[in-house]
Structures are given as structure tokens and as C-alpha cells.
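A short write-up of the structure that comes next.
Both backbone and side-chain heavy atoms feed into the values below; hydrogens, waters and symmetry mates do not. Residue indices begin at 1 and follow the sequence shown. We count ligands from 1, going down the list as the structure has it; atoms in each ligand are counted the same way.
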Amino acid sequence: MNGMTAEFLRSAFGGESQAHMRYLVWGDHAEKKGFKNIGRLYKAVAFAEQAHASGHFKELSKVAGGFSVTSGAEFGIGTVVENLQGAINGELHEVEQMYPVYLEAAKFQKEKGAEKTFHYALEAEKIHAELFKQAQDAARQEKDFVIDKEIYVCPVCGYTGMGEEPEFCPVCGVKKALFKRF
Ligand code: FE2
Ligand code: FE2
Ligand code: FE2
């Protein structure tokens with residue numbers, strides 16, 4: 001595998017792994033503060049980040065070994081509104097900077113597997129940024145996030161949706177029976 005693509009995959013794996021854990025921490029915090037559905041949203045998105053980290057990690061099995069990994073991450077536990085701002089900032093960084101650049105590098109280097117896993121993540125992060133913004137708007141008014149039925153997450157690409165479920169994942173095409181629900 002081309003070195004630059006491998007470097008970006010490792011960095012993205014690090015970022016997704018941290019996002020996964022950070023959302024579990026912030027989700028517990030939101031629940032304790034009485035925002036049950038914001039907690040559910042964090043847990044659903046944490047699962048999507050796990051799917052992204054897993055996809056990147058599997059792609060990296062071609063370049064096994066020990067590496068130091070540098071990944072940008074948001075730190076701190078503040079109010080529910082502040083933590084959601086951290087989540088929005090992280091998702092927007094991925095949508096506006098990180099994944100578009102990583103995706104172009106993978107295309108340029110003709111790394112099809114990396115291109116796919118970066119594409120999956122980019123599509124899901126756009127939705128995450130939007131859902132966290134909606135949750136933050138509710139929290140600002142001291143209200144919990146309103147969940148339509150359940151939040152469902154595709155275990156392959158991390159696609160995250162709410163309400164009526166499509167028969168197949170709109171991003172990667174797996175059957176809805178495989179979705180995980182929160
Ligand atoms: Fe992600
Ligand atoms: Fe995300
Ligand atoms: Fe999917």
C-alpha cells in the first residue's frame with residue numbers, strides 16, 4: 001500500500017477510536033444530566049465510529065506492524081451543550097477537511113479499499129454533524145433530543161438514520177436486518 005494512504009488510514013483509525021470512546025463518555029454524562037435521548041444519540045454515533053475504525057483497521061491489515069499514530073481529537077467534559085459543541089467540531093473537521101483530503105489521496109494513489117472506507121466515513125460524518133446540531137438546539141432550551149422511533153446504524157459503513165428504515169443501506173447497500181438500533 002502507498003505510504004501516504006497508509007498514514008492517513010492509521011490517523012483516521014486513531015481519530016475514530018477516540019471519537020468512539022469520547023462519545024461513550026459524553027453519552028453517560030448526558031444521561032446523568034437527565035438527557036436520556038442525547039445519551040442514546042451519542043451511543044448510536046459511537047457505534048458508527050466503531051464501524052469506521054474497524055473498516056480502516058481491516059484495510060490496514062496489509063501493513064501490519066508497530067506505528068505511532070497522530071490524530072486530532074476534542075478533549076474536555078463541560079456542560080451537555082459544550083460537549084455537543086465538541087462533537088460538532090470534531091464531525092465538521094472530518095467533513096470539511098480530513099476525509100475529503102484523505103479520499104482524494106486514496107483516489108490519486110489508486111487505493112480502492114481505502115477510498116471505500118474513507119467514503120463510508122465521510123458520508124456518515126455529515127449526518128452526525130447534523131444530528132448533534134439538532135441535539136444541541138434542544139439542549140440549549142433545556143429539552144431532550146426527540147428520537148423518531150429508533151436510531152439505526154449500519155454496521156458496515158456507519159450510516160446513521162432515524163424513523164422509517166430503508167430496505168437497504170443507502171450508502172453501502174447492506175440489508176436493514178443487519179442494522180443496529182438504539
Ligand atoms: Fe467516523
Ligand atoms: Fe461521526
Ligand atoms: Fe451501510
Side-chain angles (χ1 to χ4, degrees), residues 5 7-27 29-30 37-60 69-76 83-106 112-136 145 147 150-182:
T5 292
E7 193 71 35
F8 287 164
L9 275 169
R10 283 191 290 268
S11 179
F13 169 77
E16 296 288 355
S17 302
Q18 293 187 79
H20 169 79
M21 276 313 303
R22 186 167 57 243
Y23 292 163
L24 294 182
V25 172
W26 284 342
H29 173 269
N37 284 350
I38 293 179
R40 273 169 72 190
L41 174 63
Y42 271 124
K43 277 169 194 176
V45 177
F47 178 70
E49 312 309 5
Q50 183 184 336
H52 296 158
S54 303
H56 301 339
F57 193 82
K58 285 175 196 160
E59 193 53 34
L60 278 166
V69 175
T70 308
S71 307
E74 298 279 330
F75 283 83
N83 295 342
L84 283 165
Q85 190 58 50
I88 293 164
N89 293 347
E91 298 289 344
L92 288 180
H93 170 74
E94 288 177 307
V95 170
E96 292 168 358
Q97 307 211 39
M98 179 180 137
Y99 279 124
V101 172
Y102 288 6
L103 185 57
E104 284 309 307
K112 288 283 168 203
E115 185 183 331
K116 188 155 91 175
T117 191
F118 289 149
H119 163 68
Y120 285 172
L122 176 58
E123 292 311 304
E125 318 308 7
K126 291 176 191 168
I127 301 165
H128 296 166
E130 212 36 61
L131 291 171
F132 282 136
K133 279 182 194 167
Q134 290 171 21
Q136 193 191 42
F145 180 54
I147 293 176
E150 283 178 309
I151 300 173
Y152 56 88
V153 182
C154 171
V156 176
C157 73
Y159 178 83
T160 307
M162 215 166 35
E164 283 308 311
E165 296 182 8
E167 287 303 310
F168 299 95
C169 174
V171 174
C172 76
V174 304
K175 287 184 190 152
K176 73 173 184 183
L178 290 176
F179 293 167
K180 190 163 163 143
R181 295 162 186 90
F182 295 84

By side chain to side chain donor-acceptor pair (under 3.5 Å), which residues pair with Glu165, not counting sequence neighbours? Arg181

With a cut-off of 2.8 Å, which protein N/O/S atoms are close to the Fe ion (ligand 2), if we only count those under it? Glu49 OE2, Glu91 OE1, Glu91 OE2, Glu125 OE1, His128 ND1

Side chain to side chain contact (heavy atoms under 4.5 Å, CB included) with Phe179: of Ile151, Val156, Thr160, Val174, only one passes, and it is Val174

Sole candidate of Val95, Leu92, Val45 that passes side chain to side chain contact (heavy atoms under 4.5 Å, CB included) when paired with His128: Val45

What residue pairs, at least two apart or across chains, pass salt bridge (charged side-chain N to carboxylate O under 4.0 Å, His left out) with a residue in residues 9-21? Glu7-Arg10

According to salt bridge (charged side-chain N to carboxylate O under 4.0 Å, His left out), does anything in residues 91-100 pair up with another residue at least two apart or in another chain? List the pairs. none

Is it true that a side-chain atom of Ser11 and a backbone atom of Ser71 form a donor plus acceptor pair closer than 3.5 Å? no

Degrees at the Fe ion (ligand 3) between the SG atom of Cys154 and the SG atom of Cys172, nearest 10°: 100°

